[in-house]
Amino acid sequence: MIPPELILCHDGLPPDGPVVPPIVQTSLFTFSSVAEMRATFAGERQRPVYSRGLNPTVRLFEEKIAALEGAEDALATASGMAAISSAVLSIVGPGDRIVAVNDIYPDAFRFFETLLKRLGVRVEYVDGSDHAAVEAALPGATLLYFESPTSWRFEALDVAGLCRLARGAGALSVIDNSWATPLLQKPLALGCDLVIHSASKYLGGHSDVVAGVIAGNAEHVGRIRTRVAPYLGPKLAPLEAWLLVRGLRTLSARLDRHARTAAEIARRLADHSAIASVHLPGVATPGAAGLSGWSGLFSVGLLPEVDVVRFCDALRLFKLGVSWGGHESLVCPALVTLDQTGGPNHARFFGHSPSLVRLNIGLEDPQSLWSDLQQALQQGRET
Ligand SMILES: *Cc1c(COP(=O)(O)O)cnc(C)c1O
């Protein structure tokens, strides 16, 4: 197997060329003759025709993700949600049923509860750690859809076990692997059929790109590429793909740093008198599920005497914001998602507590981050 750092850092460019690949910023690619055009249209030749389909810069990103996930192929998309919707729509049709685990990504939940519902697809939610419940729900289902660890509660699930249950029931399995990245969890080797990522998070890593990717076997990814993507048009732009290739160079180094700081801060928070619970999988449960490590996103439950709003507003280095996986530390309180409008409310559906707060640990100095949390917890406790 090729070491991941080589996949991330080398692009197979000729020794006498640039060290960084160009951005092929073009919508179409011309032909030298009708014969060549005809051969391409007839499927006898593979080459770029139009960037809604194939673009060399986007392809480079796809090849890197396929190599990292141990997949035969990968398809990049304009967002993580485009990866989720394209993957799921390649599997389900009217009358089908999906089994999903609790605490999936909020917009995946809303997609299931609105658009998919209109298309006649039903979704049943189960506790992914309760294998008896999953097994009982699976018969007759087309798809098992899950995340590990889950969003907000960060529960690490037994990926191999869940995929075995899906396969036993004749259902396909799709996992959202954004939190772990291919460096910390390789779901295809654990029996998953498709892996999706929000590349907007760690893969890009600099909070300047929204993108997604789907990885799996050649037949299934090819089916999405030829029978779903051309019509939905969820293409990734060349500039975004180039930024992702650049982001991937440092993925391993960034994750090391995120993980080290997150573990240290999670340990100190667990000992802090204002904290009721810390949810960072991998640290609490070493070797858990399919994870070989942990990253830098986790949540904490504050004790009732801490005012969540005052705590969050008092933070200075941690900025209030959505998303995660970038260089900057972020805080997001569950109470804003409990009040969220504009569709079915995932936080209320999954029963999130208003005292839950999500922390994205960035690349800043760990001691400064800890000092910031300490002073904000102190202010959150003052009445
Ligand atoms: C952000 C996120 C997504 C959606 O990705 P976008 O790139 O924002 O569309 C999907 N899954 C998880 C776990 C996420 O955190």
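Note that ligands are numbered from 1 as they come in the structure, with each ligand's atoms numbered from 1 the same way.
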So for Trp179, does at least one of its heavy atoms come nearer than 4.0 angstrom to any atom of ligand 1? no
Decide whether the shortest distance between a heavy atom of Gly325 and an atom of ligand 1 is less than 4.0 Å. no
With under 30° as parallel and over 60° as perpendicular, where do the rings of Trp324 and Tyr202 fit, or are they tilted in between? perpendicular
Check the angle between the aromatic planes of His206 and His327 and answer parallel, tilted or perpendicular using the 30° and 60° thresholds. tilted
Using a strict cut-off of 4.0 Å, indicate which atoms of ligand 1 neighbour a heavy atom of [X].
{"X": "Ala211", "result": "7 (O)"}
{"X": "Gly80", "result": "5 (O), 6 (P), 7 (O), 9 (O)"}
{"X": "Trp324", "result": "15 (O)"}

Which atoms form the tightest heavy-atom contact between His258 and Ile361, and what is the distance? ND1-O, 2.8 Å
Closest approach of Phe109 and Tyr125, non-hydrogen atoms and distance? CD1-OH, 3.4 Å
With heavy atoms under 4.0 Å as the rule, classify the contact between Ala199 and ligand 1 as side chain, backbone, both or neither. neither
Do Phe350 and Trp152 have ring centroids that are under 6.0 Å from one another? no
heavy-atom search around atom 4 (C) of ligand 1 in the protein gives Tyr105 CE2, 3.4 Å
Please write down residue, atom name and distance for the protein heavy atom closest to atom 1 (C) of ligand 1. Lys201 NZ, 1.4 Å
Can you tell me if CD on Gln46 sees more than 12 non-hydrogen neighbours from other groups inside 6.0 Å? no
Judged on heavy-atom distance to atom 10 (C) of ligand 1, which of Asp103, Asp176, Asp107 sits nearest? Asp176
To atom 5 (O) of ligand 1, the nearest of Ser178, Ser198, Ser200 on a heavy-atom basis is Ser198
Arg381 charged N/C atom sitting above Phe311 aromatic ring, 6.0 Å / 45°: no
